[in-house]
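None of these values were measured; they are calculated from a predicted model. Computed from heavy atoms alone, side chains included, the values below leave out hydrogens, waters and symmetry copies.
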There are 2 protein chains.
Amino acid sequence: MKLSTKSRYAVTAMLDLAIHDKIGPVTLADISQSQGISLSYLEQLFAKLRKNGLVEGVRGPGGGYRLSRPSDEITVARIITAVDENVTMTRCAGKGTCQDGERCLTHQLWDDLSEQLYSFLDGITLDQFSNRPEVQQVAQRQDAQHQRAHHHFIFRRTAA
Amino acid sequence: MKLSTKSRYAVTAMLDLAIHDKIGPVTLADISQSQGISLSYLEQLFAKLRKNGLVEGVRGPGGGYRLSRPSDEITVARIITAVDENVTMTRCAGKGTCQDGERCLTHQLWDDLSEQLYSFLDGITLDQFSNRPEVQQVAQRQDAQHQRAHHHFIFRRTAA
DNA sequence: TAATTCCTGAGCTGCATAGTCAGGATTTAG
DNA sequence: CTAAATCCTGACTATGCAGCTCAGGAATTA
């Protein structure tokens, strides 16, 4: 379990997807602009998220990324481990293979704590954030703007 | 909230102190050897722990570091923030000062999550680990060895 | 006085983070 | 069918920071 800027980028980007899930795929260019993360870096992160089955890409015009499952099945823990796949932090991985007895003792305790932390974050899903009333409000306002600006094919489709 | 090797070192070192609290101060040299962390790096970490009132140093022969409060008052969260004092991770710190509305929204959600995480780790104290029966056993065995090896003044003291 | 330990600060190295660049693959719009 | 939009991939670069070294000073005790 590791927590860095990288993890934060991944989580906030996924939140972005969850918030705008209804209007279809979100482009990385949009996320890059709205959150101030470089496009290519986002592409690296999303490559990992895709490999871990958390998102799926839609190619071509009007494409982008969307969540590959409902937002109540995607936990923060899974997002973090997807981008930071460096899992085992202690050398002996709590197995007791260290030479010194004491080192292993503290390693074991750490791994235990690490697991508690994972369980905690594995209980937090994206929809716990995206379903809040304030969030919904802002999202609707932004989605409307978005439609006016770019995708008038959506407008036509809903009008038809 | 940030979680790295640095934080892990700090937490495991503090666990070491908590485990051997009874026999008095623990030297950084001991921790360095038993946990495989360089002495000078430990000194840097403990400088921060001391500034944050979590440990106190005892100089001179027979000295070392000890917890500055009972182990049930020291939480994992406080240890981590002590060594990683880079607190505000989002630019606007969840205040809503970002230009773009959306960036602020996700920043706010992240800060919210970060706070949840802090509360969780702030509920985990050192004594929850050091008071376990297995830990107590190992500690006693190690403390006995320690006395035989180095500090025979303690032996004399207890024998007198 | 000498040994032990904390304590401080400056400086080094390697790796991960964060970003750039260039180009290809796939889909949709026109 | 062509062109645009977008995902997708891989290689490359720079910067920061984790982790460590070195050198020395201050306080305490034997």
Side-chain angles (χ1 to χ4, degrees), chain A residues 2-10 12-13 17 24-33 35-52 54-66 68 80 83-87 89 91 149-157, chain B residues 2-10 12-13 17 24-33 35-52 54-66 68 80 83-86 89 91 149-154 156-157:
Chain A
K2 203 172 139 191
L3 207 55
S4 58
T5 357
K6 199 178 189 172
S7 333
R8 193 185 81 228
Y9 282 172
T12 52
L17 256 59
V26 180
T27 71
L28 292 190
D30 278 355
I31 299 180
S32 167
Q33 212 184 356
Q35 299 209 27
I37 312 170
S38 94
L39 179 61
S40 311
Y41 194 48
L42 273 175
E43 283 174 343
Q44 287 176 36
L45 295 183
F46 272 79
K48 293 187 178 177
L49 293 173
R50 199 172 57 84
K51 275 175 201 151
N52 287 82
L54 297 177
V55 298
E56 56 191 18
V58 181
R59 294 185 171 190
Y65 277 98
R66 71 159 69 101
S68 62
I80 292 174
V83 295
D84 278 326
E85 30 218 337
N86 168 34
V87 192
M89 290 199 72
R91 252 153 283 180
H150 302 295
H151 303 296
H152 53 189
F153 71 95
I154 292 182
F155 180 64
R156 267 193 281 124
R157 204 185 287 163
Chain B
K2 203 173 141 191
L3 207 56
S4 58
T5 0
K6 199 177 190 175
S7 332
R8 193 185 80 226
Y9 281 172
T12 52
L17 256 60
V26 179
T27 70
L28 291 190
D30 279 355
I31 299 180
S32 166
Q33 212 183 356
Q35 300 210 25
I37 312 170
S38 94
L39 180 60
S40 311
Y41 195 47
L42 273 175
E43 282 173 342
Q44 286 175 37
L45 295 183
F46 272 78
K48 293 186 180 179
L49 293 173
R50 199 173 55 83
K51 275 174 201 152
N52 283 267
L54 296 176
V55 299
E56 55 190 19
V58 181
R59 293 184 172 191
Y65 277 97
R66 71 157 71 98
S68 62
I80 292 174
V83 294
D84 277 327
E85 31 216 338
N86 169 32
M89 290 198 70
R91 251 155 283 179
H150 302 295
H151 303 295
H152 52 192
F153 70 95
I154 292 183
R156 269 192 277 124
R157 209 185 283 163

Under the side-chain contact (heavy atoms from CB on, under 4.5 Å) test against B:R66, which residue among B:V55, B:L17, B:V58 passes? B:V58
Between [X] ([atom1]) and [N] ([atom2]), how many Å, whole number?
X: A:F46; N: C:dA18; atom1: CZ; atom2: P; result: 15 Å
X: B:Y9; N: D:dC17; atom1: OH; atom2: C1'; result: 14 Å
X: A:L3; N: D:dA18; atom1: CG; atom2: P; result: 14 Å
X: A:I37; N: C:dA18; atom1: CD1; atom2: P; result: 10 Å
X: B:E43; N: D:dA26; atom1: CD; atom2: C1'; result: 13 Å
X: B:D30; N: C:dT5; atom1: CG; atom2: P; result: 8 Å
X: A:E56; N: C:dT26; atom1: CD; atom2: P; result: 17 Å
X: B:L42; N: C:dT5; atom1: CG; atom2: P; result: 15 Å

Grab the two heavy atoms, one from [X] and one from [Y], that are nearest each other, plus how far apart they are.
X: A:L42; Y: A:A13; result: CD2-CB, 4.4 Å
X: A:D84; Y: A:S7; result: OD2-OG, 3.1 Å
X: B:P25; Y: B:G62; result: CG-O, 4.0 Å

Sub-3.5 Å donor-acceptor pair from the side chain of A:S32 to the main-chain atoms of A:L28, do we have one? no
Answer yes or no: does a side-chain N or O of [X] lie under 4.0 Å from OP1 or OP2 of [N]?
X: B:R8; N: D:dA18; result: no
X: A:K51; N: D:dT9; result: no
X: A:R50; N: D:dT9; result: yes
X: A:Y41; N: C:dA18; result: yes
X: A:K2; N: C:dT17; result: yes
X: A:T27; N: D:dC7; result: no

Counting side-chain heavy atoms from C-beta on, which of [options] comes nearest to [X]?
X: A:P61; options: D:dA4, D:dC20, C:dG19; result: D:dA4
X: B:R59; options: C:dC6, D:dG19, C:dG19; result: C:dC6
X: A:D84; options: C:dA3, C:dT17, D:dA27; result: C:dT17
X: B:S40; options: C:dG19, D:dT28, D:dT21; result: D:dT21

Comparing A:G60 and A:K6 on DNA chain C - which has the more 5′ nearest nucleotide: A:K6
Quick one: label A:Y65 by what it contacts on the DNA or RNA (base, sugar-phosphate, nothing), any heavy atom closer than 4.0 Å. sugar-phosphate
Touch check for A:L28, heavy atoms < 4.0 angstrom, all strands: base, sugar-phosphate only, or nothing? sugar-phosphate
Going by the angle between their ring planes, with limits at 30° and 60°, are A:Y9 and A:Y41 parallel, tilted or perpendicular? perpendicular
Could you check whether the side chain of A:Q44 and the base of C:dG19 have a donor-acceptor pair of N or O atoms closer than 3.5 Å, going by distance alone? yes
